[in-house]
Novice: 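Would you mind keeping the following structure in view while I ask a few things?
These numbers come from the heavy atoms of this one structure, side chains and all, not from hydrogens, waters or symmetry mates. All values reported here derive from a predicted model rather than from experimental measurement.
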Amino acid sequence: MTKTATDTSQDQEDLGEAGSQLSTAPKEELTSLPGLGVIGWLRWFWRQLTSMRVALLLLLLLSLGAIPGSLIPQTGADINKVDDFRKAHSTLAPIYDKLGLFHVYSSVWFSAIYILLFVSLIGCIIPRTWQFVGQLRGRPPAAPKRLTRLPAYTTWRTEADPGQVREAALALLKKRRFRAHVEGDAVAAEKGYLRELGNLAFHIALIVLLIAFAWGQLYKSDGTKLVVEGDGFSNSILQYDDFKSGSLFRNDDLVPFSFNLKEFRGTYELTGPNKGTPRTYQAKIEYSEGAYGRQKATTVKVNEPLHIGDAKVYLVSHGYAPVITVRDGKGNVVYHDAVPLLPLDGNVSSNGVIKVMDGYKNAQGKAEQLGFQAFFVPTFDPKSGTMLSQFPALVNPLLAVNAYHGDLGVDSGIPQSVYQLDKTHMTGFKDGTGQLLKKLLQPGDTLTLPNGAGSLTFDKDIKQWAGFEIVQEPGSGWALGGAVTAIFGLAASLFIQRRRVWVRAVRGADGVTVVEMAGLGRSESAKVPEELGDLAGTLYDQAPGAPDADDDSTESSVVPAEGAEK
């Protein structure tokens with residue numbers, strides 16, 4: 001055995017309990033691999049799984065595993081994007097399928113990492129928590145026999161009585177918020193328990209985050225709905241334009257409520273480099289909770305959602321819905337409604353489709369369907385030379401339409417978008433020159449269909465619509481609490497140092513009291529010697545050095561202990 005190993009072993013033997021770990025972290029124990037047996041191997045595997053380095057490795061793997069879930073389209077978020085990706089990447093798609101990269105968060109490998117991290121944290125926290133509780137219930141360990149072995153040490157001789165010195169030291173340490181008590185001829189004190197408490201809080205918060213994340217993914221729901229001014233919405237799956245949910249979500253989990261959009265209001269910058277930039281978006285609504293709830297009025301703004309139980313109603317988009325009236329050749333109204341159009345740019349240039357599916361008959365009395373392609377600009381500028389809006393507000397609205405007749409294909413049973421026109425079985429109306437019939441309409445203008453087929457009127461009433469996203473995330477509150485706790489816990493474990501201080505006062509052979517002070521921290525740090533020096537200086541004022549003492553012994557300065565690093 002080398003001299004260094006002998007000295008280390010002797011130091012631990014001399015310090016005893018005083019030199020024990022200043023944390024609840026498990027000690028690294030090397031086990032001889034040959035001849036472990038089944039129980040030995042299980043114990044070894046469990047110790048590895050619950051070690052800090054394995055937990056950090058699993059946390060790193062979990063973070064890396066979430067990257068493809070953010071970069072690659074996911075079936076749970078948008079299956080259409082996944083289909084487009086498969087068509088565009090015929091070579092990569094089969095590989096991604098085998099690796100489960102189109103459904104990362106429900107894949108076997110991601111779940112395995114998730115569960116192992118969960119077990120590792122629990123296996124690490126439970127024993128450390130019990131150990132920490134035991135330390136809180138106990139007392140700081142008694143002073144070792146040789147205080148000179150400690151990293152920070154100082155001593156002096158005084159004429160004060162040893163008992164008085166210990167009482168003064170006890171009062172001083174308690175005043176500095178140390179847990180202190182007198183045992184034998186010395187005062188034992190300890191401080192910095194918040195470090196370990198923060199460490200445990202950080203790990204517990206990680207478990208809370210994992211549970212909240214899993215809970216939220218399994219029971220979440222997320223849907224969107226476009227609502228025109230004057231219309232309403234009831235929180236039912238059938239009323240959503242788009243809806244996705246977790247694997248354990250049930251229809252009954254939807255929070256019962258309904259609302260009506262009374263008015264949407266948007267204001268924009270009128271001049272300057274930010275012209276057209278939205279200043280305010282807000283939707284005035286009336287809502288009720290439950291089937292028979294009382295109507296309440298409120299305003300939903302961007303980033304200021306409406307909270308109803310576990311549900312949040314976000315305002316996410318807006319556009320225009322021109323009111324259109326369609327008449328047949330006899331002047332009968334066969335269609336009258338606000339038609340929401342989808343924005344194409346920041347100035348709300350919009351397009352869409354008007355579909356007249358029932359009630360229309362042509363000039364020969366034959367039932368047909370009508371379809372109109374519409375392009376709308378809220379602010380048309382003739383000087384620009386383009387059919388693009390120059391401002392998002394309704395300054396000079398203009399509607400461009402062209403007309404078709406025939407079969408829309410809506411009776412085939414095949415679903416189709418309300419914003420697209422299937423012209424497979426449609427025939428365009430022709431103008432006098434034989435070209436497709438089209439016209440630019442201002443509010444109040446009418447497009448007359450040829451051969452007595454009817455007309456389309458762009459009414460002066462132009463409504464607006466608002467797009468809402470309704471989200472239910474049952475674990476979001478717990479996740480937020482866990483994240484905040486983890487931050488404060490990590491800060492406590494990083495910036496608070498746990499340390500111990502001992503003050504021994506005994507009467508020497510010459511009748512003069514010898515005072516020894518020593519400090520021990522979890523790691524080498526300048527804070528322990530500095531704090532010990534400050535404590536020694538304060539105590540020295542109450543128990544000054546003996547006048548006949550040597551110069552070296554009367555100086556109350558902290559010096560490196562014997563064998564400590566310099």
Novice: Closer than 3.5 angstrom, by distance alone: can the side chain of Gln369 be matched with the main-chain N or O of Leu408 as a donor-acceptor pair?
Specialist: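 Such a contact is found between Gln369 side chain and Leu408 backbone.
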
Novice: Taking only residues two or more places apart in sequence or in another chain, which ones pass side chain to side chain donor-acceptor pair (under 3.5 Å) with Thr379?
Specialist: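 None.
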
Novice: Might you confirm whether atom NZ of Lys355 has over 12 heavy atoms from other residues, nucleotides or ligands at distances under 6.0 Å?
Specialist: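 Yes.
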
Novice: Work out which heavy atom in Pro343 is nearest to a heavy atom in Ser350; give both atom names and the distance.
Specialist: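 Smallest interatomic distance, heavy atoms only, reads CA-OG, 3.6 Å.
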
Novice: Ignoring hydrogens and geometry, is there a side-chain-to-backbone donor-acceptor pair from Ser349 to Ser389 under 3.5 Å?
Specialist: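 Yes; judged by distance alone, with no hydrogens or angles, the pair exists.
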
Novice: If a pair satisfies side-chain hydrogen bond (donor to acceptor under 3.5 Å, both in side chains) and one of its residues is in residues 419-442, list it, with sequence neighbours excluded.
Specialist: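 Sorted pair list: Asp422-Thr424, Asp431-Thr433.
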
Novice: Ring centres under 6.0 Å, that's the criterion: do Tyr320 and Phe376 meet it?
Specialist: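 Yes, ring centres under 6.0 Å apart.
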
Novice: For Gly198 versus Ala492, what's the shortest heavy-atom pair and its separation?
Specialist: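 Answer, listing the atom of Gly198 first, then Ala492: CA-CB, 4.0 Å.
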
Novice: Listed by chain and number, what are the side chain to side chain donor-acceptor pair (under 3.5 Å) partners of Thr457, not counting sequence neighbours?
Specialist: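 Listed in chain order: Thr446.
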
Novice: When rounded to the nearest 0.5 angstrom, what is the spacing between CG in Leu342 and OG in Ser317?
Specialist: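 Reported value, rounded in 0.5 Å steps: 9.0 Å.
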
Novice: With sequence neighbours left out, write down each residue that passes side chain to side chain donor-acceptor pair (under 3.5 Å) with Thr91, or none if nothing qualifies.
Specialist: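 So Thr91 forms no side chain to side chain donor-acceptor pair (under 3.5 Å) with any residue.
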
Novice: Are Leu456 and Leu449 side-chain neighbours, meaning at least one heavy-atom pair lies under 4.5 Å?
Specialist: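 When only atoms from C-beta onward are counted, Leu449 and Leu456 do not touch, as no gap falls below 4.5 Å.
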
Novice: Counting distance only, does the side-chain N/O of Asp222 pair as donor-acceptor with the main-chain N or O of Lys244 below 3.5 Å?
Specialist: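 Answer holds: no.
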
Novice: To the nearest 0.5 angstrom, please state how far the CD1 atom of Ile72 sits from the CG atom of Leu92.
Specialist: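 Ile72 CD1 to Leu92 CG: 8.5 Å, rounded to 0.5 Å.
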
Novice: Decide yes or no for Thr280 and Lys301: does some side-chain heavy atom of the first lie under 4.5 Å from some side-chain heavy atom of the second?
Specialist: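 They are not in side-chain contact.
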
Novice: Answer whether the closest heavy-atom distance between the side chains of Leu60 and Leu56 falls below 4.5 Å.
Specialist: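 Not in contact.
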
Novice: Keeping Trp465 on the side-chain end and Ala338 on the backbone end, is there a donor-acceptor pair under 3.5 Å?
Specialist: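 Here the side-chain-to-backbone pair does not exist.
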
Novice: Is there a donor-acceptor pair under 3.5 Å between the side chain of Gln74 and the backbone N or O of Leu101?
Specialist: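 Looks like yes, one N/O pair under 3.5 Å.
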
Novice: Parallel, tilted or perpendicular: which describes the rings of Tyr281 and His318, with under 30° parallel and over 60° perpendicular?
Specialist: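 Because their plane-to-plane angle lies in the 30° to 60° range, the rings of Tyr281 and His318 count as tilted.
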
Novice: Would you call the rings of Phe132 and Tyr193 parallel, tilted or perpendicular, where under 30° means parallel and over 60° means perpendicular?
Specialist: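 Plane angle between 30° and 60°, so tilted.
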
Novice: Output the distance between atom CG (Leu209) and atom CZ (Phe118), rounded to the nearest 0.5 Å.
Specialist: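 One finds 11.5 Å between CG of Leu209 and CZ of Phe118.
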
Novice: State the NE2-CG distance between His203 and Leu490, to the nearest 0.5 angstrom.
Specialist: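 If I round to the nearest 0.5 Å, the distance is 9.5 Å.
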
Novice: Quick one, Val208 and Thr485 - any side-chain contact, counting heavy atoms below 4.5 Å?
Specialist: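 No, too far: nothing below the 4.5 Å cut-off.
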
Novice: Can a side-chain donor-acceptor contact be found between Asn235 and Tyr240 if the only test is distance below 3.5 angstrom?
Specialist: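 Distance-only check passes for Tyr240 and Asn235.
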
Novice: My understanding is that only one of Phe264, Phe259, Phe257 makes a ring-ring contact (aromatic ring centres under 6.0 Å, His included) with Phe468; could you say which?
Specialist: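 With Phe468 as partner, Phe264, Phe259, Phe257 yield a single ring-ring contact (aromatic ring centres under 6.0 Å, His included), made by Phe259.
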
Novice: Below 30° counts as parallel, above 60° as perpendicular, anything between as tilted: where do the rings of Phe110 and Tyr105 land?
Specialist: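 Aromatic pair Phe110/Tyr105 classed perpendicular.
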
Novice: If I take atom CZ from residue Phe243 and atom OG from residue Ser236, how far apart are they, to the nearest 0.5 angstrom?
Specialist: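 The CZ atom of Phe243 sits 9.5 Å away from the OG atom of Ser236.
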
Novice: Would you mind checking if Glu473 and Lys312 are paired as a salt bridge, meaning a charged N to carboxylate O distance below 4.0 Å?
Specialist: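 Judged by the 4.0 Å cut-off on N to carboxylate O distance, Lys312 and Glu473 do not form a salt bridge.
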
Novice: Are the side chain of Ser120 and the backbone of Leu117 linked by a donor-acceptor contact shorter than 3.5 Å?
Specialist: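 No: the side chain of Ser120 does not pair with the backbone of Leu117.
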
Novice: For Asp97, check side chain to side chain donor-acceptor pair (under 3.5 Å) against everything at least two apart and list the hits.
Specialist: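 In terms of side chain to side chain donor-acceptor pair (under 3.5 Å), with neighbours along the sequence ignored, Asp97 is linked to Arg86.
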
Novice: Above 12 or not: heavy atoms from other molecules or residues under 6.0 Å from CG of Asn332?
Specialist: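 It does: Asn332 CG has more than 12 such atoms within range.
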
Novice: Determine yes or no for a side-chain-to-main-chain donor-acceptor pair under 3.5 angstrom, with Gln472 supplying the side chain and Val255 the backbone.
Specialist: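 Present.
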
Novice: So, Gln373 side chain and Leu421 main chain: donor-acceptor pair closer than 3.5 Å or not?
Specialist: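 Not confirmed, Gln373 side chain does not pair with Leu421 backbone.
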
Novice: Name all residues meeting the ring pair (Phe, Tyr, Trp, His ring centres under 6.0 Å) criterion together with Tyr287; count only those two or more places apart in sequence or in a different chain, and write none if there are none.
Specialist: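 Per chain and number, Tyr287 pairs via ring pair (Phe, Tyr, Trp, His ring centres under 6.0 Å) with no residue.
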
Novice: How many angstroms lie between atom OH of Tyr335 and atom OG1 of Thr325, to the nearest 0.5 angstrom?
Specialist: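 Atom-to-atom, Tyr335:OH and Thr325:OG1 are 9.5 Å apart.
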
